[in-house]
Protein chains: 2
Amino acid sequence: MTQSAVERIRSFNRVVTLGVGALNDSYLGRGRPLGEARLLFEIGEDGAPAGALRTALGLDSGYFSRIVRSLARQGLVAVTPDPADRRRRRLALTAAGRAERAAYDALSDDLARAWLGGLDAGEQARLVAAMAEVETLMTAARVTIAPEPIDGAAARACLAAYFAELAARFEAGFDPDAGGAAEDAAMTPPDGCFLVARIDGRPVGCGALKPLDAQTAEIKRMWVAPEARGRGLARRLLAALEAEARARNRHRVRLDTNRALTTAQAMYRKAGYRPIARFNDNPYADFWFEKTL
Amino acid sequence: MTQSAVERIRSFNRVVTLGVGALNDSYLGRGRPLGEARLLFEIGEDGAPAGALRTALGLDSGYFSRIVRSLARQGLVAVTPDPADRRRRRLALTAAGRAERAAYDALSDDLARAWLGGLDAGEQARLVAAMAEVETLMTAARVTIAPEPIDGAAARACLAAYFAELAARFEAGFDPDAGGAAEDAAMTPPDGCFLVARIDGRPVGCGALKPLDAQTAEIKRMWVAPEARGRGLARRLLAALEAEARARNRHRVRLDTNRALTTAQAMYRKAGYRPIARFNDNPYADFWFEKTL
DNA sequence: GTCATTCGTTGACTTTAGTCAGGGAATTTT
DNA sequence: AAAATTCCCTGACTAAAGTCAACGAATGAC
């Protein structure tokens, strides 16, 4: 990483901070503290549990409680106890709340138009494209990849999404139980591991490593959430799994894949994997690959 | 302007706000209010008049006064009365103040590295390039270029900075009086003109046009403030000066430049200027360029 | 059934940010 | 020389943001 890159980011920050500051100032124009406006945005169309919103905004529980009460008094937010656990609350926007949020959106749009106003059509197009690029890469930079228990909440959510997708994409469908529960144990430390990729804490991908023999590990359960694709996340998961294999003194990794997953095959080839003969009896596998570490 | 462009800006704002928020939070890690940290940054290496800093930060004079006193009590800032007008104060960083600002810079660098950390070299290069593009275009949208009297406050400030820079960069130094005061008259309407570029009202660059003959105008005094460089401002100033030449029925513009100003030469070439033989007796000129409009 | 824990609320704070009116000293205008 | 203006400081205020501890209700663990 060069110093000039750091310089560039600093200077980018300075310029963009002005824009963000202008946005915040414009939000204050509606006579409501910024904290309340932020919460109004964070509550989605369908509402959300209070606790999730509180942690998302990073607020103290007492402070948060007061903000919610203020918005409720203004008739913008409806608070209902969660029927499953009556300690918990669900927040949802009322019709007035939705209207209010639309008004904030309009302010934001005005500001966006002001940004674009001084530019000709070509420059506008370049700005929009560059913003998309920054956004994609900055999102990619916020990804963390770490080992997690395969029976944890995040792992189970990823696996459920993965199996559902395989069932939809494989010609012959997919039965997750074909492998058997014994597989899970093999993907557990110390001999194996299960990695979860997260963006800002939200699980968006996974991959597993299980031992084959003293020299070889197998990569399984590679999956990336649809909304996080196209940003090199799979490549990074693969590299992380290879590092885990190396850490276990394996100098060879193998994997299999189905013919329906064409982009996965291309990714494996690009990462240095070479086709080999069938090495397992996975009924869903059409191709087998190997890479020497 | 399309709705999708506005959507893109909104989504860009969301992502980038996270980064800016992280930066601000990291600044708070040094146990000092953000307002004080901002002032610490705004005071340059050489200090600055209090009034200029106050308006730059957009603060109330009472509030500003308290921030300054707090920093002075911490031994970070030295306040001295302006000898020319003893109502005014000059603020300058002490050695401790410089050290403190360096510590903030380090935090900022850490954050930049964290942004880049998850990316490979190619992605880093793409991110830096896209950031540069966003910065250029967002700054460009805020720039105004307009003719101003050459003896106005903004013009004089730009010229003083320009001459000081030439004196520092030319091997032989630079004497602004060598050209003679007659030059100024030639850069005045209707035959010539003097353009000042401003960002949010702050002068950040200039350029002058003076008549050479019935077909030809000469471009002089091209300067962009160091903090505004690398964002295509010089190119826009040049284009604006060419438009002024065209408006005066000149179909040819000429200019000269010193060998020390290598980036200027590259910019002229890229803008369509071709080297020609010496056309004047400017003792500081090493290269001469011409462009047909 | 008891105990511990979790979720959210409330009261009592502090700090930061910002505003406004007044005033003293220096400077400029008349 | 007087009057007006400019620059900065001070005191008195307000709103927003955030922290902390105590507490009640609901739930889960044993």
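Here is the naming used below: chain letters follow the sequence lines, and residue numbers restart at 1 for every chain. Just so we're clear, the structure is a prediction, and the values are computed from it rather than from any experiment.
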Q: Calculate the interatomic distance between Arg30(B) atom CZ and dT16(C) atom C1'; express it in whole Å.
A: 19 Å

Q. What integer distance in Å separates Arg87(B):CZ from dA4(D):P?
A. 16 Å

Q: For the pair Phe12(A) and Phe12(B), name the ring-plane relationship: parallel under 30°, tilted 30 to 60°, perpendicular over 60°.
A: perpendicular

(Q) Do Leu93(A) and Leu76(A) have side chains that approach each other closer than 4.5 Å (heavy atoms only, starting at C-beta)? (A) no

Q. Among dT10(C), dT10(D), dT16(C), which is the nearest nucleotide to the side chain of Ser65(A)?
A. dT10(C)

Q.
Does any part of the side chain of Arg8(B), heavy atoms only, come nearer than 4.5 Å to the side chain of Glu135(A), both counted from C-beta?
A. yes

Q | side chain to side chain contact (heavy atoms under 4.5 Å, CB included) partner of Val204(A), the single match among Val224(A), Thr139(A), Leu233(A), Val196(A) | A | Leu233(A)

Q) Could you state the OH-C1' distance from Tyr63(A) to dT16(C), rounded to the nearest angstrom? A) 11 Å

Q: Check Ala5(A) against Leu116(B) and note the closest heavy-atom contact, atom names and distance.
A: CB-CD1, 4.0 Å

Q: Identify, between Arg89(B) and Arg32(A), the residue whose nearest nucleotide on DNA chain D lies closer to the 5' end.
A: Arg89(B)

Q) Can a donor-acceptor pair be found between the side chains of Gln74(A) and Glu36(A) at a distance below 3.5 Å? A) yes

Q | Interatomic distance, Leu28(B) CG vs dT19(D) P [rounded to whole Å] | A | 10 Å

(Q) Set out, in order, the CA-CA distance, both residues' side-chain angles and the distance that settles salt bridge (Lys or Arg N to Asp or Glu O under 4.0 Å) for Arg10(A) and Asp109(B), then state yes or no. (A) CA-CA 8 Å; Arg10(A) 246 198 231 168; Asp109(B) 287 1; 2.7 Å; yes

Q: With a 4.0 Å heavy-atom cut-off, tell me which residues in residues 35-62 of chain B come close to DNA chain D, sorted by residue number.
A: Ala50(B), Gly51(B), Arg54(B), Ser61(B), Gly62(B)

Q: Provide, to the nearest angstrom, the distance between the CZ atom belonging to Arg66(A) and the C1' atom belonging to dG18(D).
A: 10 Å

Q) Is there a donor-acceptor contact under 3.5 Å from the side chain of Thr17(A) to the main chain of Asn13(A)? A) yes

Q | Nearest-angstrom distance from the residue atom CG of Leu34(B) to P of dA17(D) | A | 14 Å

Q.
Please determine whether side chain to side chain contact (heavy atoms under 4.5 Å, CB included) holds for the pair Phe64(A) and Arg69(A), giving the CA-CA distance in whole Å, both sets of side-chain angles, and the decisive distance to 0.1 Å.
A. CA-CA 9 Å; Phe64(A) 182 81; Arg69(A) 199 172 36 176; over 6 Å; no

Q. Between dG8(C) atom P and Asp82(A) atom CG, what is the distance in whole Å?
A. 9 Å

Q: For DNA chain D, determine which residues of residues 67-80 of chain A have any heavy atom closer than 4.0 angstrom to one of its atoms, and list them numerically.
A: none

(Q) Nearest whole Å is fine: how far is dA25(D) P from Arg88(A) CZ? (A) 19 Å

